[in-house]
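Data block below; observations after.
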Amino acid sequence: MAYKLTEGCLESIMEGAELSSPVLQILAIKKIVSGNAKKDRYRVIVSDGLYSVSHAMLAAPNNEQVLQAGEHTIIKIKRYITSLFNNSDKEQRILLLLDVEIIAPGSQIASSLGKPTPLAEAKKNEPTNSNIYATKGNSSSNSFAKRSDDSSSSTLPHNGNNSVSLENQLIHPICSLSPYQNKWVIKARVSNKSAIRTWSNSKGEGKLFSMDLLDESGEIRCTGFKEMVDKYYDYIQVDKIYFISKCQIKGANKKFCSLKNDYEMTMTNETTVQEYQGEDKGIPSTQYNFMTIDKIGNMESDSLVDICAICKEASELQTFQAKSSGRELKKKEVVLVDQTKSSVILTLWGTDAENFDGTNNPVVVIKGARIREFGGGKNLSLGAGGLLKINPDIPESFRIRGWYDQEGCSGNIVDISAKSGSLSTVWMSFKGVKDQGLGNAEKGDYYQNVATVLLMSSNNLTYKACPTESCNKKIIDLENGMYRCEKCNREFPNFKYRLLARMNVADWSGNTWISMFSSEAETVMGMTAQEVGEQIESNSEAAADIVEKVNFKQFVFKCRAKMETYNDEARLKTISVEVKPINYKDFNNQIVNRIKQLMG
DNA sequence: CCCCCCCC
C-alpha cells in the first residue's frame with residue numbers, strides 16, 4: 001500500500017499556519033540529553049516528502065508509541081504548535097507535535113518517501129523581534145496563542161505584587177520551560193493539589209504544598225513553601241486554570257514525582273498566579289501513563305506507576321500509630337484487578353482512605369502510586385503527591401468498566417501481592433487446616449473459609465472493660481460505683497461492654513471452635529456490644545435468646561490458627577480476626593477453580 | 001527547603 005504525505009505542508013506549518021491533520025514521515029528520532037534527568041524528551045526529524053524539519057519535538061504523551069513505531073513511521077498530526085526558540089542568539093522556530101496518530105509503523109515503510117530537502121536550507125526563516133517562545137495564530141486548538149478576549153483574570157490573592165496582569169502576555173508551553181530561561185508565563189490547569197504538610201528536621205522546619213500543572217504540551221510539579229502556602233494555597237483550586245509566571249525551575253527528582261518532565265518548579269517572591277476564567281477548551285485534564293497490573297510484578301520497588309483498574313474488594317478503615325514517628329495513620333487496603341487478569345493490593349492513606357467506598361466495584365484510577373515489595377509479592381501505596389480518581393470520565397475507565405461487567409469477575413485472577421496480605425488470605429476448608437497442620441508459624445497461620453454457625457456459647461459473652469478508647473482491658477468492679485483498670489492504673493465511674501464470643505462453625509468438611517472479639521462478634525450477632533451487655537444485664541435469660549438467633553447464619557470467617565499448649569496438651573486455637581458477608585461471585589469462583597484442580 | 005506513612 002502506498003502512503004501519501006502532505007507534500008509541502010511543512011513550509012506553511014513553520015510559518016505558523018494551522019493545517020488540519022497533515023501527514024508526515026519521521027526520518028529520525030533522537031533523545032535529548034539535558035541535565036541529570038534524561039528521560040522522555042525526544043527530538044525528531046520530520047518530512048512531508050518535499051521538505052524536512054529537524055527542529056521538531058514530541059510532546060511527552062506521544063513518546064512511547066512513536067518510539068515503538070520507530071524511524072520511517074508515517075504519522076498523522078492531530079495537534080501541533082510551533083514556538084520561537086532562542087538558540088545562541090539565533091532565533092529558530094520549533095515544531096512541537098502534541099498529538100500524533102501512527103498511520104504505518106517504520107517497519108512497514110523502511111525508507112524515506114520522496115526526496116525531502118531541509119526546509120531551513122530551502123528557505124530562510126524570518127525571525128521576529130520577540131526572544132521568547134510564542135506562537136502565531138489564535139484558535140481553540142492552540143492555547144499557547146495570545147489570549148482571546150473572552151478571558152479575564154479574577155481577583156488576585158491578598159498581596160500587592162501582582163500589579164502586572166499576565167493575561168495579555170504571550171503564553172509558553174510547559175514543555176518549553178527550562179532553568180535557562182526565566183521570562184515566561186504558562187497557562188495551566190491545576191490537576192492535583194496536595195494537603196499542606198509541615199516538616200521539622202536538622203535543617204529547620206516549615207510548611208509546604210505542591211500541585212501538578214498541565215497544558216497541551218506537558219505537565220510540571222510546582223511547590224510552594226512557607227509564605228507561599230499562606231499566599232496561594234486557598235486561592236488555587238483543583239481543575240481551575242491559572243496564568244503562572246516566575247517560579248524557580250530546577251531538575252525534578254524522579255524518585256518523588258512521576259510527572260513527565262525533567263524539571264519541577266518552586267514558587268518564589270516574584271511568582272505571580274492569576275486565575276483564567278475564560279473557556280478552557282484545549283487545556284487537557286490529568287494525563288496518565290497507564291501500566292497494566294501484570295507488569296508490576298517485574299518492576300522495581302519504589303518506582304511510580306499510573307493504574308486504571310477495578311476495585312474488587314476493600315478493607316475497613318484502619319487506624320494505628322506509626323512506630324517511627326508516633327503519628328496516627330489511617331489506611332485502607334484495596335484489591336485492584338484489570339484486563340490482564342492480575343490483581344494487586346493498593347494502600348490508600350489519610351483522607352483518600354477515609355473517603356474511599358469500594359461498594360459496586362468502582363473504577364479506580366491512580367497516578368504516581370509507589371511499588372512496594374513484601375514477602376516476595378508487590379503492592380502499591382498511594383502516598384503524598386499521588387492522585388486518586390474514582391470512575392473518572394476517561395476512555396480507559398469506560399473500557400475497563402465494560403470488561404469487568406462482561407467477563408471480569410469470572411476465571412482465574414493472578415495476585416501479584418504477597419499471599420499473607422490481609423486481603424489475599426488463602427481459602428481453606430477446616431479439613432484442609434487439619435490436614436496441612438496449620439498453626440505452627442510463630443505468629444499463627446491465616447486462612448479464610450465460608451462457614452455456618454452451629455452453636456454459640458452464651459457463657460461469659462460480655463465483659464466490662466476499661467472505658468478508655470484504646471484500652472479494652474477488663475475492669476475490676478470495686479462495688480462502690482467505681483471501676484478500676486489495672487492497665488491504665490486508674491479508676492472510672494463508668495465502663496464499656498466488650499464481647500468475647502465463642503462459637504462452633506462448620507463447613508462441608510467438618511467443624512471447629514473459634515473465638516472472636518467485639519467487632520467481629522457484633523457482625524455475627526447484628527448487635528452492638530453495648531446492646532448485648534445491656535440486654536443481658538436487665539434480663540439474665542436474654543443471652544440464650546441472643547445466641548440462638550445466630551444459629552445457621554453464614555459468613556466468611558478470616559481466621560488465625562495457632563498451636564498452643566494447654567495442660568501439657570497441644571491444641572489448635574482459632575481466632576476469627578474478620579467476619580464478612582459472603583461474596584458469592586468470589587466464593588463460587590474459588591470453588592470452580594478447586595474443582596478444576598481436582599479434575600487435573 | 002519536602003520526598004514522611006504501619007502491619008503482616
Side-chain angles (χ1 to χ4, degrees), chain A residues 37 192-212 221-230 233 247-259 264-269 271 301-304 315-335 344-354 367-388 415 417-426 438 441-448 470 558-562 575 577-578:
Chain A
N192 192 17
K193 183 176 88 165
S194 78
I196 297 171
R197 221 183 45 246
T198 57
W199 83 88
S200 175
N201 58 29
S202 57
K203 289 179 216 156
E205 55 180 55
K207 58 182 174 183
L208 72 130
F209 80 103
S210 64
M211 58 183 171
D212 297 346
R221 173 150 303 170
C222 176
T223 305
F225 289 94
K226 299 172 183 173
E227 316 86 66
M228 294 301 124
V229 178
D230 303 325
Y233 187 77
C247 293
Q248 183 198 116
I249 311 262
K250 57 173 190 175
N253 187 338
K254 292 288 179 186
K255 195 163 173 257
F256 303 113
C257 181
S258 67
L259 299 196
E264 60 185 30
M265 54 199 222
T266 306
M267 292 175 148
T268 70
N269 286 325
T271 296
S301 291
D302 269 358
S303 48
L304 297 167
S315 77
E316 297 295 303
L317 185 71
Q318 292 163 260
T319 305
F320 57 89
Q321 282 208 315
K323 266 188 182 167
S324 53
S325 62
R327 220 189 292 197
E328 190 188 82
L329 296 172
K330 288 185 173 136
K331 78 157 189 184
K332 193 175 275 190
E333 287 185 332
V334 178
V335 178
V344 66
I345 291 176
L346 163 71
T347 307
L348 300 175
W349 299 93
T351 50
D352 279 343
E354 283 177 296
K367 185 178 167 76
R370 194 169 297 281
I371 298 178
R372 299 194 170 281
E373 196 158 354
F374 171 73
K378 293 272 179 28
N379 53 65
L380 298 171
S381 176
L382 192 72
L387 177 65
L388 170 71
D415 193 341
S417 297
K419 284 290 169 236
S420 47
S422 66
L423 281 163
S424 50
T425 310
V426 63
L438 254 56
E442 198 184 334
K443 289 180 175 171
D445 288 310
Y446 288 78
Y447 67 93
Q448 61 182 330
S470 54
K558 182 178 158 188
C559 299
R560 181 178 60 230
K562 187 163 171 18
I575 292 174
V577 294
E578 194 181 350

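First the proteins, then the strands, lettered A, B, ... as listed; each starts at 1. What you are looking at is a predicted structure, and each value in this text was computed from that prediction instead of being measured.
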Separation of B/dC2 P from A/Ile196 CD1 (nearest whole Å): 17 Å
For a quick check of understanding: with a heavy-atom distance under 4.0 Å over all strands, which category does A/Lys250 fall into, base, sugar-phosphate or nothing? base
When rounded to whole Å, the CZ to P distance for the pair A/Arg370 and B/dC6 reads 13 Å
May I ask you to say what A/Lys207 touches in the nucleic acid, namely base, sugar-phosphate or nothing, with a heavy-atom cut-off under 4.0 Å? nothing
A/Ile371 atom CD1 is separated from B/dC5 atom P, nearest whole Å, by 17 Å
Rounded to whole Å, how long is the line connecting atom CZ of A/Arg197 with atom C1' of B/dC2? 5 Å
Can you tell whether the side chains of A/Asp230 and A/Lys207 come within less than 4.0 Å, N to carboxylate O? yes
Has the side chain of A/Ser417 got a donor or acceptor atom that lies under 3.5 Å from a matching backbone atom of A/Lys378? yes
Can you measure A/Met265 atom CE to B/dC3 atom P for me and round it to whole angstrom units? 21 Å
Using a 4.0 Å heavy-atom cut-off across all strands, classify A/Glu264 as base, sugar-phosphate, or nothing. base
Taking atom types as they are modelled, would you say the side chain of A/Lys331 forms a donor-acceptor pair with the base of B/dC6 within the 3.5 Å cutoff? yes
Nearest-Å distance for atom pair CG/P, residues A/Leu348 and B/dC6: 15 Å
